[in-house]
Structures are given as C-alpha cells and as structure tokens.
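First the structure, in the form of structure tokens, and then the observations on it.
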Amino acid sequence: MIDLNFAQQIIEKEISTDFKIAEYFDTEEMIIFFWTHKIYDPDDERGHIIGSGPLVYDKTTKEYRVMGSGEWFSEEICKLFETEERKERTHDHDYIMKLFENLPEDTAYTNSLIEKIKSNIIRRNYVNSDDVDLLSILTGARRIDKEYDLIFRREWKHEEHIIVVSDDSKAKEKLIAIWKEIGYEYKILSDNELLLFRLKSLTQY
C-alpha cells in the first residue's frame, strides 16, 4: 500500500516544506514520487531545486530516499514521460536549436512558438531565464555566430530582472515589442544592453 502521507513528510523533511507530491508512479522495482512547489507552477524556475530528483521507495530494501538530479534518467523512468506534450516540447526545442545554428527558418512556426512562450509567461506571471534565452533565438538576437549574453547586475535583482547583451538592434526591437505585448516593463541600458523585467508588478526604477 502506498503511504502518500509518509512520502509527503519525507519530502518536507529532505527537500523543503514548500514542496508537495505532484504525481507518483508504481514500477516493478520502486515507487517514484515527483514533487512540485506548493505555490509556483511546475514550469516556474522559482519553484525548482537543482541537485534533487524525485523521492523513491525501493521495494527491495523497503527504504525511502531522494534521488540525485542526474541519477533518475534511466530508460524505465524516461518511458513514464513519453506523452504527446513532451514529444511536442522536444520537437519545438529541436527546431529552436536549428535556428540557433542558422538553419532555414519557418516563419509561421517561429511565430507560433513566440506566442506559446508569451502565453506561458502570462499564465505563470513570471519570466524564466529560459524564456528570455529561447525568445532571443526566435527573434534572432542569439545565433551561433553572434555576440550574445544574458547577465545579471548587483543593482538589478536577478530574481526580478535579466539583461540581454546583443548588438542586433532589430532583434532587440522584437524583444521590446514582445515585452510591450505581455505588459512587462523594460529599460534600454546602453546600445547593446536591454534590461527586461521578470515580474509584471514591478515599477520602473
């Protein structure tokens, strides 16, 4: 019998009281409990912890333990996630990486991915670092042969701001347009530095 209450207690003790069981899988050798933040959406980086994987119950040893982040990518576990949604995300990521390498662009597909990222930002009310990175590729600011960087500065809290460093003025104009469309603020710091706000509720400094 699966004891969800006991598994939750271990998650709160070993991970944090901020997390709860999101779902679990009962496999032949173990029960795997995946956890998520109690407040933030699963795709919100504010609710992620680097270094800790899921909680597992080993049926052989009858012990609970938290897996390391790189430990649980076994073939058996990966098969649990072969959903159509994950296949779609993989296809999207492969296309974006091809853009990064300067392979031919499908404009309609690019625009659809931009809209998808915008919708995710609006839903979670937060801009992930990955959102900025992917949008930088989709707008042309980031390419394998371009000078580009994402940086943080002490005077701008990294949880609330991110700076795009790029000499591509047209691409930065596209990023600014996206920020205007989603209702988030931005600030042009210099000819090649664009400050993007990651929280909609912030006011301009």
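You'll find the side chain of Lys38 reaches within 4.5 Å of the side chain of Lys20, heavy atoms only. No side-chain heavy atom of Ile163 sits under 4.5 Å from any side-chain heavy atom of Leu150. Residues Val127 and Tyr184 have side chains in contact (heavy-atom distance under 4.5 Å, counting atoms from C-beta outward). Between Phe33 and Val56 there is no side-chain heavy-atom pair separated by less than 4.5 Å. At a threshold of 4.5 Å between non-hydrogen side-chain atoms, the residues Lys146 and Asp168 count as touching. With contacts defined as side-chain heavy-atom distances shorter than 4.5 Å, the pair Phe152/Lys157 does not qualify. In this structure the side chain of Ile162 reaches within 4.5 angstrom of the side chain of Ser129, judged on heavy atoms. Using a 4.5 Å cut-off on side-chain heavy atoms (C-beta onward), Ile39 and Asp44 make no contact.
Counting only distance, with no hydrogens or angles, the side chain of Lys98 and the backbone of His93 share no donor-acceptor pair below 3.5 Å.
Expressed to the nearest 0.5 Å, how far CG of Leu4 lies from CD1 of Ile21 amounts to 5.0 Å. In this structure, the separation between CD1 on Ile10 and CH2 on Trp35 is 14.5 Å, given to the nearest 0.5 Å. Rounded to the nearest 0.5 angstrom, Lys200 NZ and Glu185 CD are separated by 10.5 Å. The NZ atom of Lys172 sits 7.0 Å away from atom CG of Asp191, with the distance rounded to the nearest 0.5 Å. The CD1 atom of Ile144 lies 12.5 Å from the CG atom of Leu99; values are rounded to the nearest 0.5 Å. For the atom pair Met67 CE and Phe34 CZ, the distance stands at 8.0 Å (nearest 0.5 Å).
Thr139 and Ser136 get closest at one heavy-atom pair: OG1-O, 3.3 Å. Here the closest non-hydrogen pair linking Ile96 and Ile137 is O-CG2, 3.5 Å. Here the closest non-hydrogen pair linking Gly140 and Ala171 is C-CB, 3.7 Å. Residues Asp58 and Thr60 approach most closely at OD1-N, 2.8 Å, considering heavy atoms. Of all the heavy atoms in Asp3 and Phe6, the pair that sits closest is OD1-N, 3.0 Å. Between Arg143 and Phe100 the shortest heavy-atom distance is C-CE1, 3.5 Å.
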For Arg46 and Glu159, run side chain to side chain contact (heavy atoms under 4.5 Å, CB included): C-alpha distance rounded to whole Å, both residues' side-chain angles, the deciding distance at 0.1 Å, then the answer.
CA-CA 8 Å; Arg46 291 174 295 179; Glu159 301 93 347; over 6 Å; no
Candidate pair Tyr57 and Ile32, rule side chain to side chain contact (heavy atoms under 4.5 Å, CB included), full reasoning:
CA-CA 7 Å; Tyr57 173 72; Ile32 308 164; over 6 Å; no
Test salt bridge (Lys or Arg N to Asp or Glu O under 4.0 Å) on Arg142 and Asp149 and set out the steps.
CA-CA 8 Å; Arg142 184 183 175 199; Asp149 202 1; over 6 Å; no
Step by step, would you call Trp179 with Tyr186 a ring-ring contact (aromatic ring centres under 6.0 Å, His included)?
CA-CA 7 Å; Trp179 252 245; Tyr186 67 91; 8.9 Å; no
Yes or no on side chain to side chain contact (heavy atoms under 4.5 Å, CB included) for Leu55 and Arg65, after CA distance, side-chain angles and deciding distance?
CA-CA 6 Å; Leu55 172 72; Arg65 68 184 179 89; 5.8 Å; no
Between Tyr126 and Tyr40, does a side chain to side chain contact (heavy atoms under 4.5 Å, CB included) hold up when you go through it step by step?
CA-CA 10 Å; Tyr126 188 71; Tyr40 302 128; over 6 Å; no
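Side-chain contact annotation: Ser190 with Asn192, donor-acceptor N/O pair under 3.5 Å present. Remark: the Asp131 side chain and the Asn120 side chain contain no N/O donor-acceptor pair separated by less than 3.5 Å.
Scanning for salt bridge (charged side-chain N to carboxylate O under 4.0 Å, His left out) contacts around Glu45 gives Arg198, with sequence neighbours left out. Scanning for salt bridge (charged side-chain N to carboxylate O under 4.0 Å, His left out) contacts around Glu14 gives an empty result, with sequence neighbours left out.
The 12-atom threshold is not exceeded at NZ of Lys180, counting heavy atoms of other residues, nucleotides or ligands nearer than 6.0 Å. Residue Asp145 qualifies as enclosed at atom CG: its count of foreign heavy atoms under 6.0 Å is above 12.
Ion pairing between Glu173 and Lys170 fails under the 4.0 Å rule for side-chain N and carboxylate O.
Applying the side-chain hydrogen bond (donor to acceptor under 3.5 Å, both in side chains) test to every pair with at least one member in residues 105-114, sequence neighbours left out, gives these pairs: His91-Tyr109, Asp92-Tyr109, Tyr95-Thr110, Glu105-Thr110.
Between His37 and Phe19, the two ring planes are perpendicular [angle over 60°; tilted spans 30° to 60°].
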